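Below: one structure, written as structure tokens.
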Amino acid sequence: MSRAWQQPLPEMPSPPPERAWRRWPPPPGYEVQWRRLAEAALELDLGPDELARVGLGPLAAAREWKPATVALYSKVARYGGLSLPRAPTPEPDPLELDLRPLTELRGTDPEHVRSVAWCALALAWPAPVGMFRSLRRDQVHAGARRLVLRTDGGEWSVAGANTAWHAWETVRERYPALAASPWVLPALRRGPGLDSRIGGRLSNQALQVTFGKHAGRTAQHLRAAAPPSRQAAAAELAAAYRDLSYDSFRRLALAAGAPPVSARGVVRAARSVARTTRRAQRTG
């Protein structure tokens, strides 16, 4: 934490919001998130002092932030010295969720096939989004029945992802920039950055957004394709998908028994399993 937040002195009004945010240094390592927090606050004409008084509720309502996003920005604000209440990272609810529709191919659109390949890999190899961002194609080796992933952290055998992987590789071959890219999840279009290019490495935020779009589109497909007898179940699953983030997807995969790839999220997934087991024992 860079410094503690203090209320302005009596008779000393806060400076204009834009100037106040410029004066407040961002916490090291969270400069981008701090800038986005300031931009969201300035849209409501809130400076740091006002934000500390009213909390993130108005920003979350205006931006339609999900609970996980509110938890992230409350942490960033506290790291920067603003006194905001702690917002816990939400647990995936329900603990058991059918994730297989996210791994089913429904066409040949590159963005869809890339997302399906990612979800198929992550279902059996639930790595954090940062590891997928840096995963290279030469680290994925296709066998007859399964894929083998080799990273600096070890070697993993991934079953059930061959179809999606080969479909993604076939799509990539149609586009020279994607075929030449070394990344498993390359950019499909140029972004706002000067160094952004097709086939380049995506940011963590871009991957999170990509997953959210894929989950939302899968939810739409589930509702549209369900027969009348399955409409209620499809609507329930679609509602869960609309609020699903990649971090929740990963914790659900871990809770379902996928082997841990890194320490991040393993403890939380284990606690969720233990909580559910205790509830089942009490009700049983």
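Numbers here are sequence positions counted from 1. None of the values given here were measured: they were computed from a predicted structure.
- Within a 6.0 Å radius of CZ in Arg174, more than 12 heavy atoms belonging to other residues, nucleotides or ligands are found.
- Hydrophobic clustering places Leu56 together with Val54 (ILVMFWY residues linked when any side-chain heavy atoms are closer than 4.5 Å, directly or through intermediates).
- Only one option out of Trp118, Phe132, Tyr241, Phe211 pairs with Phe249 in a ring pair (Phe, Tyr, Trp, His ring centres under 6.0 Å); it is Phe211.
- Annotation for Glu236: atom CD does not count as buried by contact number, only 12 or fewer foreign heavy atoms lying within 6.0 Å.
- By the side-chain contact (heavy atoms from CB on, under 4.5 Å) test, Glu173 is found to be paired with Arg137, Ala179, residues two or more places apart in sequence or in another chain being considered.
- When the shell of 6.0 Å around CD of Glu155 is examined, it contains more than 12 heavy atoms from other residues, nucleotides or ligands.
- Partner of Trp165 under the side-chain contact (heavy atoms from CB on, under 4.5 Å) criterion, chosen from Val158, Val113, Leu147: Leu147.
- The closest donor-acceptor contact from the side chain of Trp168 to the backbone of Val116 lies at 3.5 Å or more, if one exists at all.
- Taking a 6.0 Å sphere around CZ of Arg230, one finds it holds 12 or fewer heavy atoms contributed by other residues, nucleotides or ligands.
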Problem - Test salt bridge (Lys or Arg N to Asp or Glu O under 4.0 Å) applied to Glu31 and Arg35, step by step - result: CA-CA 6 Å; Glu31 291 82 0; Arg35 175 176 56 80; over 6 Å; no

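- In this structure a side-chain-to-backbone donor-acceptor pair under 3.5 Å is present from Asn162 to Gly143.
- Counting non-hydrogen atoms of other residues, nucleotides and ligands closer than 6.0 Å to CD of Glu111 gives a total above 12.
- No continuous path of ILVMFWY side-chain contacts below 4.5 Å connects Val129 to Trp183, so the two sit in separate hydrophobic clusters.
- Scanning both residues, Pro126 and Ala253, for their nearest heavy atoms gives CB-CB, 4.1 Å.
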